[in-house]
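Small disclaimer: the values here were computed from a predicted structure and weren't measured.
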Amino acid sequence: MPDLDVEQEFKDLGNAIIKGDADGVDSIVRHCLESGLNASSIINDGMIPGMDVVGELFRKNQYYVPEVLISARAMKAGMAILRPILAESGIEPVGDVVIGTVRGDLHDIGKNLVAMMLEGAGFEVHDTGIDTHPDEYVQAAVEHNSHIIGMSALLTTTMTNMRNTIEAVEAAGISDSVHCIIGGAPVTQRYADEIGADGYAADAASAVILAKRLRGVLGDPDETEEAAGRLLYLQARDALQVAVRGDPGSASHADGLMEAEGLVEQACAAGYDPTHIDRIMAEIDREKERTV
Ligand code: B1M
C-alpha cells in the first residue's frame with residue numbers, strides 16, 4: 001500500500017463519523033478497501049474511534065440527539081459496505097444482542113441509538129423494533145443464540161413489561177446464557193435491581209460499556225472509571241428524585257437525601273465531572289432547606 005497514509009486515512013474516517021458526513025464515510029471506506037485494508041481494521045481503527053468521540057461528546061452534553069443520530073447514520077453508511085465483507089470473513093463479533101422497545105411502547109429513537117452504538121462497537125445486533133412482546137424477545141434470543149437481550153422503555157406504564165420479559169426468559173430456561181439489560185428515561189438502577197435485570201445503562205455509550213463488561217471485553221480503564229463515576233452520579237439523581245417526591249421530614253425524604261449525598265461523594269471520588277457534581281450538590285442543599 002505505498003500510496004496510502006493509513007493513519008491519516010483512519011483519522012479522516014473518524015472525523016467524517018464525528019461530523020456525520022455519510023458520503024465522506026462511504027468514499028473513505030471504499031478507498032481503504034480498494035487500497036487493501038481489511039474490514040475489521042477499518043471499523044476498529046477508523047470508525048469506532050470516531051464513534052467513541054461521538055459517545056464522549058454526547059456524555060458531556062456537547063452533542064445532542066440530532067448530532068448523534070447523524071453520526072450514527074454515517075456509521076451505518078460505512079457498516080453497510082463492510083457488513084457483508086465481515087460476514088464473509090467470519091470475524092467473530094463481540095457478542096450477539098437482541099434489542100427492542102418493550103410491549104406497548106412505540107418510542108424508538110433511544111433504542112435505535114443504543115442499537116447503532118452496539119453495532120459500532122462490534123456486536124451483532126438483532127432489532128425487534130417497537131412494541132416487542134416478551135415472547136418475541138425470547139424467540140429472537142433463541143433463534144440467534146444471543147448473549148444479551150436489551151430492552152428499552154420510555155413510559156412508566158410499559159416499564160412493567162421489562163419484568164414480564166425477564167420472567168419469560170426465566171420460564172424459557174435461557175436465563176443462564178442470556179443477560180437482560182434495560183434502559184430508557186423512566187428506568188433506574190433501582191428498578192433494574194428490583195426486577196432482577198443483569199444491568200442498567202443510562203445512555204447509549206454506557207450501554208456499550210455495560211454490554212462489553214457482560215461479555216468480558218472491558219474498555220480501557222479510563223472508559224470504565226468514567227462510566228463508574230457517571231453511574232454513581234445517575235444513581236444519586238434517582239435517590240434525589242425519591243427525596244423530592246417525599247414530604248419534607250418524612251423517612252423517604254430523609255433517606256433519599258442521605259443516599260444521594262453518599263452517592264455524590266462516591267461519584268466525586270471517582271473523578272466525575274465537577275460541574276455536574278456542583279449542580280447536584282446545590283439541588284441537594286436546596287432540598288435540605290425545605291426540611292428546616
Ligand atoms: Co412520547 N412520551 N408519548 N412520544 N415522548 C415521553 C416519553 C414523555 C416523557 C413526554 C412527557 O410527557 N413529558 C411521556 C411519558 C410519560 C411517562 O410515562 N412518564 C410520553 C408520552 C406520555 C407519550 C404518549 C402516551 C402520548 C400520548 O399519546 N398521549 C405516547 C405513547 C405512545 C406509545 O408509546 N404507546 C407518546 C408518543 C410519542 C411519539 C410517537 C410522538 C414520539 C416517539 C417517536 C419515536 O420514538 N419514533 C414521542 C417522543 C419523541 C417523546 C419524547 C418527546 C422524546 C423521547 C426521545 O426520543 N428522547 C419524550 C419526552 C422526553 O423524553 N423528553 C416523550 C431522545 C432519546 C435519545 O432518549 O429515548 O431516553 P431516550 O434514550 C436514551 C436513554 O434513555 C438510553 O439511551 C438513549 C440514548 O442516550 N436508553 C437506553 C434508551 N433505551 C435504552 C436501552 C438500554 C440502555 C439505554 O439498554 C437496552
Side-chain angles (χ1 to χ4, degrees), residues 94-105 107-108 110-111 114-115 117-118 123 125-218 224 227-228 230-242 245 252 255-256 259-260 262-263 266:
V94 183
D96 196 292
V97 181
V98 165
I99 191 165
T101 306
V102 295
R103 182 145 170 88
D105 202 319
H107 297 85
D108 69 354
K111 182 265 296 169
V114 175
M117 295 281 277
L118 283 170
F123 284 85
V125 177
H126 307 280
D127 192 337
T128 57
I130 51 175
D131 191 20
T132 308
H133 190 282
D135 293 342
E136 264 182 87
Y137 283 109
V138 171
Q139 228 173 329
V142 170
E143 184 186 336
H144 300 294
N145 239 332
S146 302
H147 306 103
I148 295 171
I149 288 177
M151 289 171 260
S152 178
L154 264 285
L155 300 171
T156 44
T157 49
T158 58
M159 272 165 72
T160 47
N161 283 319
M162 293 176 155
R163 189 196 288 271
N164 296 338
T165 303
I166 291 171
E167 284 171 3
V169 167
E170 279 161 8
I174 57 169
S175 54
D176 285 345
S177 56
V178 182
H179 294 294
C180 288
I181 66 170
I182 62 174
V187 181
T188 60
Q189 180 63 49
R190 193 181 288 238
Y191 185 66
D193 295 340
E194 193 185 309
I195 65 172
D198 297 298
Y200 154 76
D203 57 31
S206 312
V208 169
I209 293 168
L210 171 65
K212 279 186 184 170
R213 189 177 297 146
L214 289 170
R215 292 295 297 142
V217 193
L218 282 175
T224 314
R230 182 174 172 78
L231 186 60
L232 288 162
Y233 165 78
L234 291 166
Q235 286 170 344
R237 291 222 69 90
D238 291 345
L240 181 58
Q241 281 310 310
V242 172
R245 280 190 213 118
S252 70
D255 291 350
E259 194 183 343
L263 288 162
Q266 291 178 51

**Study point:** Contact summary for Ala201 and Ser206, nearest pair of heavy atoms
**Key:** CB-C, 3.7 Å
Exercise for review: Sort and list the pairs that fulfil ring-ring contact (aromatic ring centres under 6.0 Å, His included) and have at least one residue in residues 132-162, not counting sequence neighbours.
Suggested key: His126-His144
Point to revise | Gap between atom OG1 of Thr160 and atom CG of Leu155 - 0.5 Å precision | key: 10.0 Å
Review point. Donor-acceptor pair, Thr128 side chain versus Ile99 backbone, under 3.5 Å?
Key: yes
Point to revise | Basic-acidic side-chain contact under 4.0 Å: Arg163, Glu194 | key: yes
Check your understanding: Counting N and O atoms only, with roles assigned by atom type, does the side chain of Thr132 sit under 3.5 Å from a partner on the main chain of Thr101, one being a donor and the other an acceptor?
Key -> yes
**Study point:** Those residues that, when tested against Thr188, pass side-chain hydrogen bond (donor to acceptor under 3.5 Å, both in side chains) (two or more places apart)
**Key:** none
Practice item. Could you list all the ring-ring contact (aromatic ring centres under 6.0 Å, His included) pairs where at least one residue sits in residues 173-207, not counting sequence neighbours? Key: none
Exercise for review: Work out which heavy atom in Val125 is nearest to a heavy atom in Ala115; give both atom names and the distance.
Suggested key: CG2-O, 3.8 Å
**Study point:** Nearest-0.5 Å distance that lies between atom CD1 in Ile149 and atom CD1 in Ile181
**Key:** 10.5 Å
**Study point:** By salt bridge (charged side-chain N to carboxylate O under 4.0 Å, His left out) - contacts of Asp127 (at least two apart)
**Key:** Lys111
Review point. Can you tell me how far CG of Leu118 sits from NZ of Lys212, rounded to the nearest 0.5 angstrom?
Key: 10.0 Å
Exercise for review: Apply side chain to side chain contact (heavy atoms under 4.5 Å, CB included) to the pair Ser252 and Asp255, showing each step before the final yes or no.
Suggested key: CA-CA 5 Å; Ser252 70; Asp255 291 350; 5.8 Å; no
Practice item. To the nearest 0.5 Å, tell me how far Ile166 CD1 sits from Cys180 SG. Key: 5.0 Å
Practice item. Test side chain to side chain contact (heavy atoms under 4.5 Å, CB included) on Val98 and Ile148 and set out the steps. Key: CA-CA 6 Å; Val98 165; Ile148 295 171; over 6 Å; no
Exercise for review: Mind checking salt bridge (charged side-chain N to carboxylate O under 4.0 Å, His left out) for Glu259 and listing every partner two or more places apart, or none if nothing turns up?
Suggested key: Arg190
Review point. Hey, does the side chain of Asp131 reach the backbone of Gly104 with a donor-acceptor pair shorter than 3.5 angstrom?
Key: yes
**Study point:** Nearest heavy-atom neighbours spanning Ala153 and Pro186
**Key:** O-CD, 3.3 Å
Exercise for review: Go through the steps to decide whether Val102 and Met159 satisfy the test side chain to side chain contact (heavy atoms under 4.5 Å, CB included), and finish with yes or no.
Suggested key: CA-CA 7 Å; Val102 295; Met159 272 165 72; over 6 Å; no
Practice item. Using side-chain hydrogen bond (donor to acceptor under 3.5 Å, both in side chains) as the criterion, point out the one residue from Thr158, Thr157, Asn164 that pairs with Asn161. Key: Asn164
Study note, to complete from the structure: All heavy atoms of Ala168 vs all of Pro134, minimum pair found to be CB-CB, 3.9 Å
Check your understanding: About how many Å separate CD1 of Ile195 and CE of Met162, when rounded to the nearest 0.5 Å?
Key -> 6.5 Å
Review point. If you round to the nearest 0.5 Å, how far is CG of Leu154 from CG of Asp105?
Key: 5.5 Å
Revision key, fill the gap. Here the pair of heavy atoms bringing Val97 nearest to Gly150 is CG1-N, 4.5 Å
Practice item. Please name all residues satisfying side-chain hydrogen bond (donor to acceptor under 3.5 Å, both in side chains) with Asp193, sequence neighbours left out, ordered by chain then number. Key: Gln189
